[in-house]
Amino acid sequence: MTTTNPPARVRFAPSPTGFLHIGGARTALYDYLLAKQTGGAFILRIEDTDQKRYQDTAEQDIKDALAWMGIQPDEGPDRGGPYAPYRQSQRSQIYRDIAEELIEKDQAYYCFCTTERLSEVRDQQQKNNQTPHYDGTCRRLDKKEAVNRAASGEPHVIRFKSPRGGTTTAVDALRGEITVENSSLDDIILIKSTGLAVYHLAAMVDDHLMGITHVFRGSEWLPTFPIHVLVYRALGWDEPIWVHLSVLLKPDGKGKMSKRDTELAREQGYPIFMKDMEDLGYIPEAVINWIALMGWSYDDKTEYFTLSDLVDKFSIDKLNPSPAAINFSKLDHFNGLHIRELAVEDFAKRIKPWFEKAGLLPRDEILVPVAAALQKRTKKLTEVVDMGGFFFHDEVGLALDRIVSSKLSAGQAAEAAERILEIFRGLDEITQDKAETALRELASQMGLKAGQIFGLLRESLTGQKVSPPIFDIIPILGRELVLERLEKAHKILSKA
RNA sequence: GCCCCCAUCGUCUAGGGGACCAGGACAUGACCCUUUCAAGGUCAAGACCGGAGUUCGAAUCUCCGUGGGGGCACCA
């Protein structure tokens, strides 16, 4: 760690409305990286102020996804922490109090307008080609009277009193100053009629109270950014460093991922949700590497990063403000890259469940050698069964049409099988050293190419057209099994 | 309609006035290696959205256009 920056307190604050997706995971990752790099804290806060969109499985899904990535929060609903609770639904009173404080300071006001009236106003404005906004009716109410009406139980919301004239300038770490006309700012709702706060208040309050130093969030917050800054200033608080991340676009770069795109990707074997990553054969090391590079880069060459590399090298000023299209083939590439970096034993451990899921019994004695044979040629864990299932099958299915071709008749194949058998039987140990020369000789004697002999052998032992190298396979299978499978192949070929 | 953001190969990006007839990666094609498939290696093709300025000099700065994206809820 080369940084001299003070410890950062960075929060990941998802709304539990669905599964954690790539975009959210990226934000969480950046949060984590900055926190760890500075020796600070990575905080999980659940923003569940919207009871309508709330899904009770979402919070767990988010935690599971973070755990899978290996980025556990230092503070959060499960672990607690000095600023608990970390679930906004448990902090309603705090928001309410601060909203009241804003009213006292004349920075907010009660609003008694009904939703019906509001939507009428909006429709009218839209019809007149005006930007929809609150018309300010209740802003003009006498304050004492409004306080009384609210106290007497009349349904109301609390709105922020946006400045009328002038401009507001907010500073984003990636984009610099963003200045807007205050006249374009709406009097947004802070507290709903249910008494619950909305994001615009709750997030600001929590970020301040929890001592958050850096806010990473999606660029969809840019339009309301000035208002958030205004809320901070109205309360007299110091602002955090704001970082608005670029959006992730769908692979063709045309628009952000929609539900339809998500389904489409999934059909093609590509994940949008973190929960699908594992099932589709991706390993967290690769996913993290891939995600980190969408919107961030280190230099003009380095692309391979482990989590701890990233903790070391991450920096805000290398973040890219422009939108990035998701590139799934690059995920595949990184997955292969990280798989190859795994220790064989580790890789073995990770592929075992895949064989089990396929109904096979991966024998532990040969699991590591099998893993070694497979590791170099697998990109996704899903491929492992197709490629190496034959190691654990009782029998191997032989496809005659794959062995017998225009260049190799059934008779030749049968003969070749028999002669390979002879060669192997004469060997107490079938190694590349001892067998390869003999097999090549056999090929030339029969007027065949070496590839044809090896192909036949491969089919006989694996039942597959492609497999790891023959001489990698043989010692793993063992002499006995090799002879057995060859004999069977020979029998079938003789009958054909 | 209004507001905001963004703009380098198909995609992710390096680049922050001369080091750039623009570098890397994925994908693509060819070749090498080779018992298959990979992996690995070599090579190829491929981009500064347009126009004005500023400057001796612009991918880099400014403005205008265009394109793309996002937002305009008692959702986050």
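Throughout, a chain's letter reflects where its sequence line sits, starting with A, and its residues are numbered from 1. Because the structure is a prediction, the values reported are computed rather than measured.
- Between A:Lys301 and B:G15 there is no side-chain N or O to OP1 or OP2 distance below 4.0 Å.
- The side chain of A:Ser467 places no N or O atom within less than 4.0 Å of a non-bridging phosphate oxygen (OP1 or OP2) of B:C37.
- A donor and an acceptor atom sit less than 3.5 Å apart, one in the side chain of A:Glu303 and one in the base of B:G24.
- Residue-to-nucleotide proximity on RNA chain B shows that, of A:Thr378 and A:Gln51, the 5′-proximal contact is made by A:Thr378.
- Listed pair A:Lys330 / B:G24 fails the phosphate criterion, with no side-chain N or O lying under 4.0 Å from OP1 or OP2.
- The side-chain contact (heavy atoms from CB on, under 4.5 Å) search around A:Thr169 returns A:Glu177, A:Thr179, not counting sequence neighbours.
- Among the atoms of the strands shown, only primed sugar atoms or phosphate atoms (P, OP1, OP2) are found under 4.0 Å from some heavy atom of A:Lys318.
- For A:Lys380, no side-chain nitrogen or oxygen approaches OP1 or OP2 of B:A38 to under 4.0 Å.
- B:U34 and B:A22 are spaced 36 Å apart, taking the P atom of each and rounding to whole Å.
- The ring of A:Trp242 has its center closer than 6.0 angstrom to the ring center of A:Tyr232.
- Between A:Lys256 and B:G68 there is no side-chain N or O to OP1 or OP2 distance below 4.0 Å.
- Residue A:Leu293 is classed as a sugar-phosphate contact, given heavy-atom separations below 4.0 Å to backbone atoms only.
- Close to B:C75, at under 4.0 Å from its OP1 or OP2, lies a side-chain N or O of A:Lys192.
- Within 4.0 Å (heavy atoms only), A:Thr49 reaches sugar-phosphate atoms of the nucleic acid but no base atom.
- Taking the C1' atoms as reference points, B:A45 lies 16 Å from B:A25, given to the whole Å.
- Rounded to whole Å, the P atom of B:G68 lies 40 Å from the corresponding atom of B:U42.
- Applying the salt bridge (Lys or Arg N to Asp or Glu O under 4.0 Å) rule to pairs touching residues 295-305 of chain A yields A:Glu303-A:Lys330, sequence neighbours excluded.
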Protein N or O to nucleotides 3-10 of chain B N or O, pairs below 3.5 Å:
from : atom 1 : to       : atom 2 : distance (Å)
B:C5 : O2'    : A:Arg175 : NH1    : 2.7

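- Between B:G29 and B:A14, the distance separating the two P atoms is 27 Å to the nearest Å.
- Relative orientation of the A:His200 and A:Trp221 rings is perpendicular, given thresholds of 30° and 60° on the angle between their planes.
- Residue A:Lys379 is classed as a sugar-phosphate contact, given heavy-atom separations below 4.0 Å to backbone atoms only.
- On the P atoms, B:G24 is 33 Å away from B:C63, given to the nearest whole Å.
- Of the candidates A:Trp290, A:Phe334, A:Trp296, A:Phe305 forms a ring pair (Phe, Tyr, Trp, His ring centres under 6.0 Å) with just one, namely A:Trp296.
- Phosphate proximity of B:G40 to A:Arg340: present, with a side-chain N or O under 4.0 Å from OP1 or OP2.
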